[in-house]
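All of these numbers come straight from a predicted model, not from anything done at the bench. Whatever order the structure lists them in is the order used to number ligands and atoms, beginning at 1.
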Amino acid sequence: MKLSHTPVETIHIWLHKVYVKRDDLLHPEFSGNKARKFAYFLENDFPSVRRLIGYGSPQANSLYSLSALAKLKGWQLDYYVDHLPSYLTGHPSGNYRAALANGANIIDLSNVVDRDGLDCEGYIRQRVLTGSDEQLFVPEGGRCAFAEPGVSRLANEIAGWKVAEQLSELVVFLPSGTGTTALYLQKQFQTIDPSISVMTCAVVGGNDYLTKQFFELEQDESLHPHIVPAVKRYHFGKLYHDFYQIWHELKSTGIEFELLYDPLGWLCLKHLWQQGLDAPVLYLHQGGLLGNESMLPRYRRKFGELIPITVSE
Ligand SMILES: *Cc1c(COP(=O)(O)O)cnc(C)c1O
């Protein structure tokens with residue numbers, strides 16, 4: 001399976017030209033940055049492994065990507081969640097629905113008797129991992145060194161594209177969760193083409209959380225991406241009218257973006273332009289569109305339909 005060489009498209013928004021790296025088109029069942037992060041597992045042999053073990057939100061893109069990985073490798077996925085909301089078990093949708101269809105075993109820790117106040121990771125480390133090489137444990141969101149080879153390859157693709165386009169500098173912009181993708185991109189660019197810089201924003205937690213994540217993966221601060229502060233604090237997974245509005249404005253580009261990370265990413269990028277950024281920008285589309293299946297109905301219930309607009313300003 002070839003997980004590389006996604007196209008770069010040019011779009012126009014708010015009177016700016018932006019390149020978009022379409023990593024959402026990586027693979028129909030295994031797209032976006034989780035596929036890049038998990039490429040190492042896909043492309044190497046793990047003859048003893050039978051069971052993939054992960055945890056996180058029951059709506060997470062990484063749940064779906066882990067389920068796709070497990071299916072492709074013939075492994076069982078055991079995915080631990082803190083709590084399974086009844087609206088989701090009653091009406092499965094998005095990543096949760098698709099992961100179940102891939103055969104994922106989703107374990108609700110609010111129902112186990114031996115939990116003893118442990119969080120998901122603690123429970124897995126103390127009660128699930130036996131040290132057997134049949135188990136393969138992936139930390140939440142794929143935040144681990146195994147993500148580096150796949151993300152480095154993405155950096156190489158972008159650097160090769162920049163040479164072909166004869167650009168003398170480039171800003172790669174992407175919204176971050178754990179920051180793993182942004183960090184390993186920046187690290188690789190520093191080696192192969194220091195005229196490319198990575199800018200990101202903290203979608204999960206705040207800037208301090210993101211900085212801390214960077215340090216967990218890389219001690220050398222000079223290899224960390226630049227964090228663009230958000231104009232105001234948004235809480236992960238909550239619904240904001242600003243986000244919904246941005247998402248609608250992005251529709252005019254002809255590319256569908258997702259509703260958790262991309263709205264804040266584009267808001268921060270817009271802000272950078274307002275502050276005078278004028279280097280060419282490549283926005284990394286990190287997939288996650290399956291999540292819109294559950295996010296969009298929530299947005300519609302909260303804010304109604306927005307009237308299609310033509311982008312001005
Ligand atoms: C997981 C994810 C992110 C965050 O990636 P990190 O490497 O954890 O920063 C951003 N966008 C989408 C669509 C994702 O699925």
Side-chain angles (χ1 to χ4, degrees), residues 6 20-27 29-40 54-69 79 94-96 98-99 138-155 172-188 198-207 209-218 224-228 230 234 236-237 243 246-247 250 255-269 283-296:
T6 51
V20 178
K21 175 76 169 164
R22 300 291 308 273
D23 253 19
D24 54 318
L25 304 177
L26 205 51
H27 184 272
E29 283 170 87
F30 200 50
S31 86
N33 76 352
K34 302 304 177 296
R36 297 284 188 178
K37 292 201 265 189
F38 298 152
Y40 173 84
Y55 68 97
S57 152
Q59 301 270 37
N61 297 328
S62 59
L63 163 57
Y64 173 65
S65 303
L66 285 172
S67 76
L69 173 65
Y79 186 90
N95 291 308
Y96 176 75
V138 179
E140 186 169 21
R143 180 174 54 79
C144 56
F146 289 122
E148 188 164 5
V151 175
S152 297
R153 199 189 310 157
L154 168 59
V172 172
F173 191 95
L174 68 158
S176 279
T178 65
T180 310
T181 312
L183 180 88
Y184 287 136
L185 282 176
Q186 178 67 63
K187 211 177 149 186
Q188 181 69 357
V198 176
M199 292 193 178
T200 189
C201 59
V203 181
V204 179
N207 296 350
Y209 162 84
L210 186 55
T211 305
K212 196 166 151 257
Q213 301 290 310
F214 288 158
F215 273 112
E216 287 198 9
L217 294 168
E218 174 58 59
H224 291 185
H226 177 72
I227 301 175
V228 180
Y234 296 93
F236 187 58
F243 283 9
I246 283 274
W247 186 82
L250 286 165
I255 299 177
E256 185 182 0
F257 290 89
E258 56 83 72
L259 280 154
L260 272 175
Y261 295 89
D262 286 326
L264 187 58
W266 285 99
L267 269 174
C268 288
L269 186 53
Y283 187 95
L284 180 61
H285 194 319
Q286 302 180 90
L289 295 176
L290 198 52
N292 287 1
E293 191 180 308
S294 45
M295 286 300 282
L296 200 51

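- Taking each of Asn61, Leu289, Thr178, Thr200 in turn, the one with a heavy atom nearest to atom 15 (O) of ligand 1 proves to be Asn61.
- In this structure, the protein non-hydrogen atom closest to atom 2 (C) of ligand 1 is Lys34 NZ, 2.5 Å.
- Although no hydrogens or angles enter the test, the distance criterion places no donor-acceptor pair under 3.5 Å between the side chain of Glu140 and the main chain of Arg143.
- Which parts of ligand 1 touch Asn33 is read off a 4.0 Å heavy-atom cut-off, strictly below it: atoms 1 (C), 2 (C), 3 (C), 4 (C), 5 (O), 6 (P), 7 (O), 10 (C), 14 (C), 15 (O).
- For the 3.5 Å distance criterion, the side chains of Asp24 and Gln286 fail to qualify, holding no donor opposite an acceptor.
- Few gaps surround OH on Tyr234; more than 12 heavy atoms of other groups in view lie less than 6.0 Å from it.
- Lys21 is not listed as a side-chain neighbour of His285, based on a closest heavy-atom distance of 4.5 Å or more.
- Residue-ligand proximity: Gly32 is placed with every non-hydrogen atom at 4.0 Å or more from ligand 1.
- Of the candidates Glu140, Gln286, His285, Gln286 brings a heavy atom nearest to atom 10 (C) of ligand 1.
- Considering backbone and side-chain N/O atoms, Gly177 comes within less than 3.5 Å of an N/O atom of ligand 1.
- The aromatic ring centres of Phe257 and Trp266 sit less than 6.0 Å apart.
- Under the 4.0 angstrom criterion for non-hydrogen atoms, Lys37 is in contact with ligand 1.
- When side chains are defined from C-beta on, Leu296 counts as touching Leu259, because their heavy atoms get closer than 4.5 Å.
- Nearest to atom 7 (O) of ligand 1 among the protein's heavy atoms is Thr181 OG1, 2.6 Å.
- Polar contact with ligand 1: present for Gly179 (N/O pair, distance under 3.5 Å).
- Each of the following atoms of ligand 1 lies closer than 4.0 Å to a heavy atom of Ser176: 9 (O).
- Short contacts between ligand 1 and Gly287, defined as distances under 4.0 Å to a heavy atom of the residue, involve ligand atoms 13 (C).
- Taking the six-membered ring for Trp and thresholds of 30 and 60 degrees, Tyr283 and Phe173 have nearly parallel ring planes, at less than 30 degrees apart.
- Note that CZ of Arg36 and OG1 of Thr181 are 10.0 Å apart. Values are rounded to the nearest 0.5 Å.
- The shortest contact between atom 12 (C) of ligand 1 and any protein heavy atom is with Tyr261 CD1, 3.5 Å.
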